[in-house]
2 protein chains.
Amino acid sequence: MASALERSKALFIRRWGEMGGYWGISRTMAELHALMYTSAEPLCTDDIMEQLQISRGNTSMSLRQLVDWGLVARAHRRGDRKAYFACETDVWEMFQCIATERKRREVQPIVETIRRCREMVEQELENLGPEETETAQVYLRRLDAMQSFLNAILELLTLTLRGGGDGLSMLAALLTQLNEPPTAK
Amino acid sequence: MASALERSKALFIRRWGEMGGYWGISRTMAELHALMYTSAEPLCTDDIMEQLQISRGNTSMSLRQLVDWGLVARAHRRGDRKAYFACETDVWEMFQCIATERKRREVQPIVETIRRCREMVEQELENLGPEETETAQVYLRRLDAMQSFLNAILELLTLTLRGGGDGLSMLAALLTQLNEPPTAK
DNA sequence: CATTTGTTTCAGACTATTCTGAAGCAACGA
DNA sequence: TCGTTGCTTCAGAATAGTCTGAAACAAATG
């Protein structure tokens, strides 16, 4: 019978994997991450294969992605040719890695697309009938709103992340202050 | 030849759909959302089917999900039995809808799981050898760190969202202030 | 109550993603 | 140089996720 510690880890790994799915990360990659997060020691490929029951190829590919995201680092042991892997264990650093990458990969492109979309319509704006102009205006206003929103989020993340590891927790404290005084209005 | 307005909308819809994929939302559902966001008027099922070239069934299911998320509302026209659908157009409200739902569906469960994981190990803690105890301690510390992190995020969202629609933009402005003075140190 | 109009559901088809396993590559030591 | 160890790659298999279309349903109308 597996120890309580092992069963506890297994549960955490399973749940973390599930969650990955909801956020556009493959279940296995998330499980791999969880496994490393729960492990006190760096792990080698074979450890991972055995614990998660996945193939060598899958392990190699998933590890590479985690390293690309900056969530996992390669490590080596003296007199051992195998590569070992260790997870970033500071949760705020972890969050920063993810936020930075998603910003770059997903938010930036849509901001750029919105800019282009706006441009396309602006050029045509003069040659439209009155009703079409109205429709176009609504559309442009919506694009602008979305653009501002995304820029605000980008700025918020940039500023929060720049502020070092505990930026967000500081922020939360700050918000509490902001939210409480107004009750005395 | 399609008008620039149409081509612009199509581009936005395509990109928004792609992005949905990265965030664990089906491409079609995201496209549907984008279509409604770009449309000045509420749309009926047939409009959507035609514009996105998808089946009636798919349209019905995707709309239902969007309504569940609170991102889209049913509307009706006098003397017309068809249902029309309109998108939430305030981006901050939109964000709130998504944040609230994800919090409930995805963050809460993992917080609960972490609590359980901790419990499982605590019970066993006394019956362990010294080395195992060390390992278990590391694991528990990691669980605690993750737990605090998630709670901070939850709190942050709650506070931000409670503060009305433009809470975040206010926040961004505030952070700018916080970050700029220190340059004068 | 039969008909028309519009919506929902869901089994099966289809598509996309993920995974495996074996071949290939690279680094090292004998 | 050749064998050994360990990592990476990728074609094809397996799996998971999405979509269709037709049947069932529901509501309004004649």
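Naming convention: chains lettered A, B, ... in sequence-line order (proteins, then strands); numbering from 1 in each chain.
Applying the side-chain contact (heavy atoms from CB on, under 4.5 Å) test to A:D47 and every residue at least two apart in sequence or in another chain returns A:L43, A:C44. Residues forming a side-chain contact (heavy atoms from CB on, under 4.5 Å) with A:R27 (at least two apart in sequence, or on another chain): A:E31. Qualifying ring pair (Phe, Tyr, Trp, His ring centres under 6.0 Å) partners for A:F12, counting only residues two or more places apart in sequence or in other chains: A:W16. With sequence neighbours left out, B:E112 forms a side-chain contact (heavy atoms from CB on, under 4.5 Å) with B:R115, B:R116. Partners of A:T100 under the side-chain contact (heavy atoms from CB on, under 4.5 Å) rule, at least two apart in sequence or in another chain, are A:Q96, A:L161.
Taking atom NE2 of residue B:H76 and atom P of nucleotide D:dA27, one finds them 12 Å apart after rounding to whole Å. Going from atom CE of B:M29 over to atom P of D:dG17 covers 15 Å, rounded to whole Å. The interatomic distance linking B:L63 (CG) with D:dC19 (P) rounds to 13 Å, in whole Å.
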Please list every donor-acceptor pair under 3.5 Å in which a side-chain atom of residues 71-87 of chain B meets a protein atom from a residue at least two apart or in another chain.
from, atom 1, to, atom 2, distance (Å)
B:D80, OD1, B:K82, N, 2.9
B:D80, OD2, B:Y84, OH, 2.7

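Shown for residues 12-25 of chain B: no residue has heavy atoms falling under 4.0 angstrom of DNA chain D.
For residues 101-110 of chain A, the pairs satisfying side chain to side chain donor-acceptor pair (under 3.5 Å) are A:E101-A:R104, A:E101-A:R105, A:R102-A:E106, A:K103-A:T158, A:E106-B:W23, with sequence neighbours left out. Legend: side chain to side chain donor-acceptor pair (under 3.5 Å) pairs involving residues 50-61 of chain A, not counting sequence neighbours, sorted by first then second residue: A:D46-A:R56, A:N58-A:S62. Within the structure, side chain to side chain donor-acceptor pair (under 3.5 Å) contacts touching residues 139-153 of chain B (residues at least two apart or in different chains) are A:S8-B:Y139, B:R118-B:D144.
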* Reading 5' to 3' through nucleotides 3-9 of chain D, protein heavy-atom contacts under 4.0 Å coded B for base, S for sugar-phosphate only, - for none -> --BSSBB
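Between A:K9 and A:E6 there is no salt bridge, since no side-chain N of the basic residue sits under 4.0 Å from a carboxylate O of the acidic one.
Counting 5' to 3', DNA chain C first comes under 4.0 angstrom of a heavy atom of chain B and last does so at the ends given by C:dT5 to C:dC10.
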